[in-house]
Every structure is written in structure tokens, then in C-alpha cells.
Amino acid sequence: MSVREPSDRYLSPAEAKRFYDRLGSAQDWQGFFENPAINEMIGHAAFDSAHSVFEFGCGTGTLAARLLQHHLPADARYAGVDISSTMVSLAQERLKPWSEHARVSQSDGLPRIQEPDRSFDRFVSTYVFDLLALDFLDQLLSEAHRVLVPGGKICLVSMTFGASPFSRAVCWGWQRLWRFRPGILGGCHPIELSDYLRSEGWKPDHQTKVTNWGITSEVFVASAG
Ligand SMILES: C[S@@+](CC[C@H](N)C(=O)[O-])C[C@H]1O[C@@H](n2cnc3c(N)ncnc32)[C@H](O)[C@@H]1O
């Protein structure tokens, strides 16, 4: 279900930065619907054999800390970026125990990734693709492909469309509110990740939907060809 929305519906990078600078640590409150889908992604991304992880839109660093503490080999490298200075400070503080091999930096809000070609074996992004405009996503996906080693995995979780009557009703209300005032929702709205990852450059490994509290998330893990 590809929805091509007018580009002025999406938050500009400056608007996204303002929203997430204000939201700060309250972002973690959304764990009540995000965590089951994030668990599903972790379960299918083989982090135990990863050497280097790049995260786009790392928020407060919660996922990074979890990966470093429980799932990645002790010598794995982590690099996260976020447009929000508040989020970057929170993530840097949280990742202090791993400061020798984990770094978090503030991005300029553009899809360009300031990392060399083929320098990571996982590219992770959770609940970020659903706030980005289509042309931004196209560029970001080609950047993800560029920084991943061949066979490296893209590991995504995003808000998507529900199937049950209740989750479809939640989606309908959410989408209406997003069209009316996307800023209230931090720019997030339901999308289908598979619409963006159709290119031959990606080989799907695992794709599923998880609904919690009426909000449906899509989990998509694919390998770079
Ligand atoms: C809904 S939050 C999700 C945060 C985290 N990934 C999580 O799952 O809790 C979206 C995050 O994307 C960041 N973000 C939004 N637009 C961005 C951009 N253009 N570049 C980098 N980060 C961005 C926000 O600052 C925010 O931290």
C-alpha cells in the first residue's frame, strides 16, 4: 500500500529536530508498543555475529545499550546518529560504559551518511523511516547499501497498517491526524517498508507485522546484495 503524500506533510529536518529536542527521554515511554516489534527484529538480525552496527535516528540510545549489553560480541563497534542534540546527549550518557567502541554524533538532518563504503555489517533504524519523506528514504536506502558490506543486513522497524478491525481503526485515526497536523505525532505515520525495499539490491530475510495496543509495526530484515 504505497502512499505518496505531498512533501509538505512531512516534517522538515528543522521541525523534526525541534520536536525531538523537546520530547527527549519521554521517547522511551513509547516502549509499550515498540518493544515487541523491536524484540522480533533483534531475534532475526543475528547480532551475535555482527562486528559493526550503524544506527540512523538512535534516539535516547536504548536499543544501542541493549545490543551492546546483551547481543553484540564484546569487541563490536557501534556508531549512531540523530538530528536532535537532546537525543544525542541522552544516548552519549547512556552509552558511556561502552565509550571505547560506541560513538554517537549529531547529524545535519540529511540522508548522507558520513562513513566509508562497506564499513558496517548492520544498518539499524527503528521508528524513523515512518517520518521521512519518500525522496529522503530513497537516498537513505542507497546510503545504507553503500555503507554495508556485501551480505550485511538492514534491520528496520516502522509503524505500519494494521489488519484487525481495531488496529485498522487506530491507523485510520492516526493517518487523519497526521494529514491534519503531522507535528503533533512527531511526523510518524503508517508506511509499508516493503514498498521501499523492493529493489534487487536487497534480499529479504525476515518480514512480519506485530500489533500491540492497536498500533501495528512492521519488522523488515534484509541482506545487501
Ligand atoms: C520516533 S523517534 C525513534 C527513536 C529511536 N530510534 C527509537 O526507536 O526509540 C525518531 C528519531 O529520529 C530522529 N530523526 C528524525 N529525523 C531525523 C533525520 N533527518 N536524521 C537523523 N535523525 C532523525 C529523531 O530525532 C528521533 O530521535
Side-chain angles (χ1 to χ4, degrees), residues 1-13 15-20 22-23 26-45 55-60 62-63 82-84 87 111 123-141 144 154-199 202 204-222:
M1 194 186 313
S2 184
V3 187
R4 193 163 276 273
E5 301 282 355
S7 54
D8 61 1
R9 292 239 167 82
Y10 295 88
L11 300 192
S12 67
E15 288 169 327
K17 175 173 167 21
R18 259 200 308 279
F19 180 91
Y20 288 100
R22 271 203 314 268
L23 186 66
Q27 169 63 39
D28 289 341
W29 174 82
Q30 293 185 11
F32 79 94
F33 74 87
E34 294 184 351
N35 287 342
I38 289 176
N39 295 345
E40 176 76 16
M41 181 273 284
I42 291 174
H44 290 86
E55 184 175 10
F56 187 86
C58 62
T60 64
T62 305
L63 174 60
D82 202 286
I83 195 174
S84 154
M87 293 298 190
F123 177 100
V124 177
S125 194
T126 61
Y127 299 97
V128 183
F129 275 42
D130 46 26
L131 64 85
L132 301 171
L134 284 181
D135 54 342
F136 190 111
L137 277 181
D138 285 344
Q139 293 172 57
L140 182 57
L141 279 170
I154 189 164
C155 313
L156 305 173
V157 184
S158 243
M159 181 175 284
T160 194
F161 301 90
S164 71
F166 179 55
S167 60
R168 277 165 52 193
V170 170
C171 234
W172 180 84
W174 192 293
Q175 191 80 334
R176 278 189 70 108
L177 190 54
W178 180 79
R179 290 202 174 113
F180 171 63
R181 197 165 290 171
I184 296 176
L185 302 165
C188 300
H189 73 125
I191 62 166
E192 293 273 0
L193 286 170
S194 40
D195 286 344
Y196 306 99
L197 286 143
R198 283 225 178 91
S199 97
W202 299 109
D205 296 331
H206 181 71
Q207 192 182 357
T208 194
K209 290 187 177 184
V210 177
T211 302
N212 218 30
W213 293 91
I215 300 174
T216 305
S217 303
E218 185 177 9
V219 178
F220 202 112
V221 178

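Quick caveat, the model's predicted, so the values are computed rather than measured. Along the sequence shown, the residues carry numbers beginning at 1.
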> If we only count heavy atoms from C-beta on, is the Y127 to E34 side-chain gap below 4.5 Å?
Replying inline: yes
> Stepwise, does the side chain to side chain contact (heavy atoms under 4.5 Å, CB included) test hold for L140 with L132?
Replying inline: CA-CA 10 Å; L140 182 57; L132 301 171; 3.8 Å; yes
>> Would you say that T126 contacts M41 through its side chain, given a criterion of any heavy-atom pair below 4.5 Å between the two side chains?
In response: yes
> Y20 side chain to G186 main-chain N or O, any donor-acceptor pair under 3.5 Å?
Replying inline: yes
>> So does L185 get a backbone contact from the side chain of W178, meaning a donor-acceptor N/O pair under 3.5 Å?
In response: no
> Is there a side-chain contact between L131 and L11 (heavy atoms, below 4.5 Å)?
Replying inline: no
> Which value, rounded to the nearest 0.5 Å, describes the distance between F123 atom CZ and C155 atom SG?
Replying inline: 9.5 Å
>> Give me the atom names and distance for the closest heavy-atom approach of R9 to P182.
In response: O-CG, 2.9 Å
>> If I take atom CG from residue L141 and atom CG from residue L137, how far apart are they, to the nearest 0.5 angstrom?
In response: 6.0 Å
> Do you know the tightest heavy-atom contact between P204 and A222?
Replying inline: CA-CB, 3.9 Å
> Taking S12 for the side chain and E15 for the main chain, is one N or O donor matched with an acceptor at less than 3.5 Å?
Replying inline: yes
>> How close do T216 and S167 get, counting heavy atoms only, and between which atoms?
In response: OG1-CB, 3.6 Å
> Going from CZ on F220 to CZ on F129, what distance comes out if it is rounded to the nearest 0.5 angstrom?
Replying inline: 11.0 Å
> Under a 4.5 Å cut-off applied to non-hydrogen side-chain atoms, are I154 and L197 in contact?
Replying inline: yes
> Side chains of M87 and T60: does their closest heavy-atom pair fall under 4.5 Å?
Replying inline: yes
> Is the backbone N or O of E218 less than 3.5 Å from a side-chain atom of T160, with the two atoms forming a donor-acceptor pair by type?
Replying inline: no
> Centres of the Y10 and H189 rings: under 6.0 Å?
Replying inline: yes
> Tell me, do V124 and L63 make a side-chain contact under 4.5 Å, heavy atoms counted?
Replying inline: yes
> Between S125 and V128, is there a donor-acceptor pair closer than 3.5 Å when you use the side chain of the first and the backbone of the second?
Replying inline: no
>> Can you tell me how the ring of F32 sits relative to the ring of W213, calling it parallel under 30°, perpendicular over 60° and tilted otherwise?
In response: perpendicular
> What class does the angle between the rings of H206 and H44 fall in, given that below 30° is parallel, 30 to 60° is tilted and above 60° is perpendicular?
Replying inline: parallel
> Between D130 and C188, is there a donor-acceptor pair closer than 3.5 Å when you use the side chain of the first and the backbone of the second?
Replying inline: no
> Shortest non-hydrogen contact from A37 to V219?
Replying inline: O-CG2, 3.5 Å
> Which atom names give the shortest non-hydrogen contact between P111 and Q139, and what distance separates them?
Replying inline: CG-OE1, 3.4 Å
>> Can you tell me how far apart CE (M159) and CG (L193) are? Round to the nearest 0.5 Å.
In response: 12.0 Å
> Which atom pair, heavy atoms only, marks the closest approach of C171 to P190?
Replying inline: SG-CG, 3.6 Å
> Taking the side chain as C-beta and beyond, is there a heavy-atom pair between Y196 and L134 under 4.5 Å?
Replying inline: yes
>> Salt bridge check, E40 against K209: does any charged N sit closer than 4.0 Å to a carboxylate O?
In response: no
> At what distance, to the nearest 0.5 angstrom, does CH2 of W174 lie from CD1 of I215?
Replying inline: 5.0 Å
